[in-house]
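Per chain, numbering begins at 1; letters A, B, ... match sequence-line order.
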Amino acid sequence: MAPSVGIAITLDDSRPYMGGLLDWYDQNARPLPWRIQKVTPWESLLAEIILQQTRMETGLPYWERIRAAYPTPATLAADTEENLLRLWQGCGYYARARNLYKLAKTLDGEDLPESYDSLLKMPGIGPYTAAAIASISFGQPVACVDGNVRRVISRLRAEHLSDPDLQSEANDLLDHNRPGDWNQAMMEIGSLVCTPRNPSCDTCPLESNCLASKSSNPEEWPLRRSTKQAQIDAVVIVVSDSNGILLEARKGRTLGGLWGLPYAEGEVESSELLASRKVKLIGKVRHDFTHKRLDIAVYISEVTENDETRSPESVPMATLDRKVLRFFRAHENKQS
DNA sequence: GACGCGTGGTA
DNA sequence: TTACCAAGCGT
């Protein structure tokens, strides 16, 4: 039947048929805060960065706190990196916070840029985040490729695609009328239906044109990255008095910008640290990072004249250090 | 392109 | 317990 006179119907035949995904999204999108209320591009950026490699349930409270503390990039630029890290502590991947702070300083009072290319140049914003902000906040036709989209497209095609090929496929699929919603829909279907394990192919709106769903094992795609976790022996020293704990400012990539207990790993450095004062072993704590397993020998030592102790509540610390301190406190309580 | 970077949940 | 994984980025 011909369309009614005066109504223009646009069908983009160059785009592969992905019927029903936006309908599915309109029906099934989770009521996330930024879908219920209007948020600024800055608040949206905070969410994108916090949610990088971080679960929704973990990230949401951080987002609420950080957007409340820093409603604009200028408010963050006017504060210190350490105060941002205080709000970020426990969330992991602290380079995200350090880069976010750099970004706020770089903006120097200006608004976020709106184009993918300009966003991509900012500290801490890579291809995914640039596409997410450009499309969701500014309505630009750029496709997001995150872990979900990678999985969805790999399974649709039943292929192990390179990053450039994935981006290109995602661009071809993009709905140009609702690019932001389309990107969120692709991620949402990956998160809720096309899950890493036990995907719900029987309820998936894309099932009819998904090659993986017709195979014996849809989980075969995408290729997994091999994760070898090294085992590392480390040592920490707890020096405690009525004022608090002896803490040092961590430098470098690992936990940089946070405070922590005197720490060393590896044979040479560990023995150097232990030789620097009179110590007593009180036990061991295990802590896992993605790429290494730390077996941490916990030592205690008496306060000396030069030690400046402080309250561990007053400074940003990683979960690793808080875990060791909990162990120390439990040990103290057992003694008394 | 591969690797380093946190943390917590799940099978 | 182990292995895998989650809205990636920088080097």
Exercise answer: donor-acceptor pairs, residues 121-133 of chain A side-chain atoms, under 3.5 Å, sequence neighbours excluded:
| from | atom 1 | to | atom 2 | distance (Å) |
| --- | --- | --- | --- | --- |
| Tyr128(A) | OH | Glu48(A) | OE1 | 2.6 |
| Thr129(A) | OG1 | Gln52(A) | NE2 | 2.9 |

task: Quickly work out the Met186(A) CE to dA7(C) C1' distance and round it to whole Å.
output: 13 Å
- prompt: Which residues within residues 313-326 of chain A lie with some heavy atom under 4.0 Å of an atom in DNA chain C?
  reply: none
task: Select base, sugar-phosphate, or nothing to describe what Arg250(A) touches, counting heavy atoms under 4.0 Å on all strands.
output: nothing
statement: Which of dC4(C), dA7(C), dG4(B) is nearest the side chain of His291(A)? It is dG4(B)
message: Salt bridge check, Glu332(A) against Lys334(A): does any charged N sit closer than 4.0 Å to a carboxylate O?
response: no
message: Using every non-hydrogen atom in the two residues, find where His160(A) and Leu223(A) come nearest and quote the distance to one decimal.
response: ND1-N, 3.4 Å
- prompt: Which residues satisfy the side chain to side chain donor-acceptor pair (under 3.5 Å) test with Ser216(A), sequence neighbours excluded?
  reply: none
Phe289(A) side chain, from C-beta outward: closest of dG9(B), dT7(B), dC5(B): dT7(B)
field: Electrostatic pair Glu265(A)-Lys292(A), nearest N-O below 4.0 angstrom
entry: yes
message: Starting the side chain at C-beta, find the nucleotide from dG6(B), dT7(B), dT2(C) nearest to Arg293(A).
response: dT2(C)
- prompt: Can you say whether the rings of Phe289(A) and His287(A) are parallel (under 30°), tilted (30 to 60°) or perpendicular (over 60°)?
  reply: perpendicular
field: Pair listing, salt bridge (charged side-chain N to carboxylate O under 4.0 Å, His left out) test, anchored in residues 238-253 of chain A, at least two apart
entry: Arg250(A)-Asp321(A)
Salt-bridge criterion met for Arg35(A) and Glu188(A) (N-O under 4.0 Å): yes
field: Those residues of residues 37-53 of chain A lying under 4.0 Å from DNA chain C by at least one heavy atom
entry: Glu48(A), Leu51(A), Gln52(A), Gln53(A)
message: Other members of the hydrophobic cluster containing Trp221(A), with the 4.5 Å side-chain heavy-atom rule, please.
response: none
field: Within residues 126-134 of chain A, residues whose heavy atoms come under 4.0 Å of DNA chain C
entry: Gly126(A), Pro127(A), Tyr128(A), Thr129(A)
field: Pairing residues for Glu272(A) by the side-chain contact (heavy atoms from CB on, under 4.5 Å) criterion, not counting sequence neighbours
entry: Val268(A)
task: Report yes if at least one side-chain N or O of Arg55(A) is closer than 4.0 Å to OP1 or OP2 of dT7(B); otherwise report no.
output: no
- request: Check every strand shown and say whether Arg150(A) touches a base, only sugar-phosphate, or nothing at a heavy-atom separation below 4.0 Å.
  value: nothing
message: I need the full list of ring pair (Phe, Tyr, Trp, His ring centres under 6.0 Å) pairs touching residues 30-53 of chain A, with sequence neighbours left out, sorted by first then second residue.
response: Trp34(A)-Trp63(A)
field: Contacts of Glu64(A) that satisfy salt bridge (Lys or Arg N to Asp or Glu O under 4.0 Å) - sequence neighbours left out
entry: Arg67(A)
task: Could you list by number each residue of residues 82-101 of chain A showing a heavy-atom separation from DNA chain B of less than 4.0 Å, or answer none if no residue does?
output: Gly90(A), Cys91(A), Gly92(A), Tyr93(A), Tyr94(A)
query: How close or far is atom C1' of dG8(C) from atom CD of Gln167(A), stated in whole angstroms?
result: 13 Å
message: Please tell me if Arg151(A) has a side-chain N or O lying less than 4.0 Å from either OP1 or OP2 of dA6(C).
response: yes
message: Any donor-acceptor pair, under 3.5 Å, between the side chain of Thr54(A) and the base of dG6(B), if you only look at N and O atoms?
response: yes
- request: Answer yes or no: is there an ion pair linking Glu302(A) with Lys278(A), defined by an N-O contact shorter than 4.0 Å?
  value: no
task: Find the distance His160(A):NE2 to dG1(B):C1' and express it as a whole number of Å.
output: 17 Å
- prompt: In terms of the nearest nucleotide of DNA chain B, which residue is placed more toward the 5' end: Asp163(A) or Thr58(A)?
  reply: Asp163(A)
Residues from residues 60-74 of chain A lying under 4.0 Å of DNA chain B - heavy atoms: none
